Amino acid sequence: MIRLEDIHKRYRSPVLRGIDLHVPAGCIYALIGPGASGKSVLLKVVAGLVRPERGKVYVDGEELGELDDLGLASVRRKIGMLFQNYALFDMTVFENIAFPLRRLYDLPDTEVRERVAERLARVALPGTEDRDPSRMSGGQKKRIGVARATVARPPIVLYDEPTAGLDPVTSQKIYDLIRDEQRAQGTTVMVISSDVSGVLSIADRVGMLHEGELVFDGTAEEARDSTIPAVRQFVHGLVEGPL
Amino acid sequence: MRSGLTRSIAALFEDAHQLGSLFGRTLYYLLHGKREKGSVARMMFEVGNKSLLFMCVTMGFIGAIIAFQTGLQAKKLVPDFSMIGATYLKLLVRDLAASLGALPLATRVGAGIAAELGSMVVTEQVDALRMCAADPVDYLVVPRFVASVVMGTVVLIIGGFVAYLAGMAVAQMVFDVNPHTFTNLSMVTTGDLTLGLFKCITYGGAIAIVSSQRGLATFGGSEGVGHATTEAVVGSCFAIIVLNLIISTLGYFFVPAL
Ligand SMILES: Nc1ncnc2c1ncn2[C@@H]1O[C@H](COP(=O)(O)OP(=O)(O)O)[C@@H](O)[C@H]1O
Ligand SMILES: [Mg+2]
């Protein structure tokens with residue numbers, strides 16, 4: 001479903017240095033790694049928001065580098081994305097969640113209302129349509145972001161730090177939500193998280209980025225048993241190690 | 001080895017290229033875009049509302065100062081004030097109303113645009129727009145461009161009018177020039193009006209393009225937004241001065257002053 005081949009991206013210094021990665025359809029792929037290791041940039045490469053200098057990105061069989069704006073837009077329709085910094089617009093909760101539906105599909109108003117209400121109920125914020133997201137808590141904003149990312153029922157959903165800064169109970173609720181949604185819709189999911197134990201509880205596969213390289217790629221089981229020093233240290237939260 | 005100078009010249013060309021490309025895309029989406037209804041009107045209100053009072057106060061002071069200083073100098077050359085109003089008006093129409101007014105306009109409108117777009121970039125709202133097939137140029141830059149051109153022009157004209165009135169007051173109070181004598185439109189030609197209007201429109205557009213480009217290129221949290229805002233104001237003012245040089249030179253040949 002998603003395949004990256006030899007992805008290189010640099011800003012002032014190299015950020016991604018030759019990433020090869022494959023996410024099969026219907027899989028929850030967890031991307032872990034220390035801060036500033038390039039996780040967010042990698043997710044944006046998948047969404048076609050960042051163009052790599054080298055390498056190929058295949059999403060649902062299409063190579064993003066070969067697409068024009070129109071082609072890219074049609075690939076992005078298949079992708080829902082939750083951003084690390086919420087990325088909620090200066091509009092009401094309803095307008096935020098309805099935004100992808102209105103921009104990407106031509107649906108009657110009643111259906112838009114129904115789908116937004118259904119999403120809000122799903123993220124446990126029913127009846128908050130008219131509120132202003134900037135006055136809501138971090139956890140609530142994340143959940144509105146989840147609702148917006150999934151409202152158009154995209155076959156691929158990318159979550160960038162869905163639980164950062166949240167308490168453990170809320171975090172677990174969000175993970176459960178992500179997994180239940182994925183199981184129900186059969187979507188392909190990539191999720192970035194620094195909360196390793198939480199995200200491993202729902203992931204089918206795990207990749208770990210370290211200084212722009214994919215130092216580990218395997219199942220959640222394999223990640224827990226890995227003998228690679230950086231992976232061992234990060235997964236088990238040890239103080240001693242190369243990180 | 002590339003010296004500092006060649007590097008900064010290269011950076012200048014790179015900037016010019018970026019601005020030109022953003023300008024091109026803005027014009028394209030102006031004609032082909034599918035942005036939200038009402039966004040242009042909202043931006044026009046914002047630009048006008050934010051800058052009108054500031055512009056009137058600044059241009060009032062600047063107008064008074066210019067009239068006072070030129071009056072003092074003129075008195076030494078020709079001790080006759082009968083044409084002071086006419087020349088002052090011509091100066092305002094041809095250049096000063098647009099070029100001096102555009103600088104405070106740049107600080108107000110340019111900083112506003114860059115801060116707004118910059119914070120949308122760092123909170124990833126711009127990425128979220130792109131995920132929903134809303135091109136940031138179409139969705140964010142075009143309404144600001146139109147608003148800045150239209151309302152910028154309106155505000156600059158009002159500012160010029162205020163500067164004229166301030167000059168009139170100074171002329172009467174300091175040099176004893178009767179407002180009737182001061183009000184003398186005889187020297188202003190259609191060419192002057194065209195030139196002045198063209199400057200207003202160009203500066204309004206330049207402020208929007210430079211500031212949008214800076215805003216959309218923001219990186220790195222609130223510090224990045226601050227940096228982009230400063231650069232937007234500096235860049236806009238620089239653009240206004242360069243454009244003034246170009247337009248005034250062309251104007252000298254094609255719309256000669258009497
Ligand atoms: N637009 C950009 N301009 C310059 N540097 C960037 C940009 N985006 C990301 N970076 C840099 O790339 C590195 C990786 O960033 P990121 O992917 O956000 O890390 P993380 O793994 O914490 O999500 C960081 O050092 C960051 O400063
Ligand atoms: Mg990140």
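Any value given below was found using the heavy atoms of this structure, including those in side chains, with hydrogens, waters and symmetry copies removed. Nothing here was measured: the structure is a model prediction, and the numbers come from that model. In the text below, chain A, chain B and the rest are named by the order of the sequence lines, each starting its count at 1.
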**Message:** So for B:V122, is it side chain, backbone, both, or neither that comes closer than 4.5 Å to the heavy atoms of chain A?
**Reply:** backbone
For [X], look at atom [atom1] and say whether over 12 heavy atoms of other residues, nucleotides or ligands are found less than 6.0 Å away.
{"X": "B:H227", "atom1": "NE2", "answer": "no"}
{"X": "A:R113", "atom1": "CZ", "answer": "no"}
{"X": "A:E118", "atom1": "CD", "answer": "yes"}
{"X": "B:F45", "atom1": "CZ", "answer": "no"}
{"X": "A:D68", "atom1": "CG", "answer": "yes"}
{"X": "B:F54", "atom1": "CZ", "answer": "yes"}
{"X": "A:K78", "atom1": "NZ", "answer": "yes"}
{"X": "B:L31", "atom1": "CG", "answer": "yes"}

**Prompt:** Taking A:R103 for the side chain and B:A133 for the main chain, is one N or O donor matched with an acceptor at less than 3.5 Å?
**Reply:**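 Flag set: sc A:R103 to bb B:A133 pair under 3.5 Å.
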**Asked** At a heavy-atom separation under 4.5 Å, does A:R102 approach chain B through its side chain, its backbone, both, or neither?
**Response** neither
**Item:** Contacting region of A:L101 [heavy-atom separation from chain B under 4.5 Å]
**Value:** neither
Minimum side-chain heavy-atom gap [X]-[Y] below 4.5 Å:
{"X": "A:K44", "Y": "B:E124", "value": "yes"}
{"X": "B:T123", "Y": "A:Y86", "value": "no"}
{"X": "B:Q125", "Y": "A:L88", "value": "no"}

**Request:** Could you tell me how the ring of B:F219 sits relative to the ring of A:Y11: parallel (under 30°), tilted (30 to 60°) or perpendicular (over 60°)?
**Result:**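 B:F219 vs A:Y11 ring planes: parallel.
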**Prompt:** Of all of A:N85, A:L104, A:D90, which one pairs up most often with chain B through heavy atoms under 4.5 Å apart?
**Reply:**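 So the answer, after comparing A:N85, A:L104, A:D90, is A:N85.
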**Request:** Calculate, to the nearest 0.5 Å, the distance between atoms CG and CZ belonging to A:L49 and B:R130 respectively.
**Result:** 5.0 Å
**Request:** Hey, could you give me the CZ/SG distance between A:R148 and B:C132, rounded to the nearest 0.5 Å?
**Result:** 6.5 Å
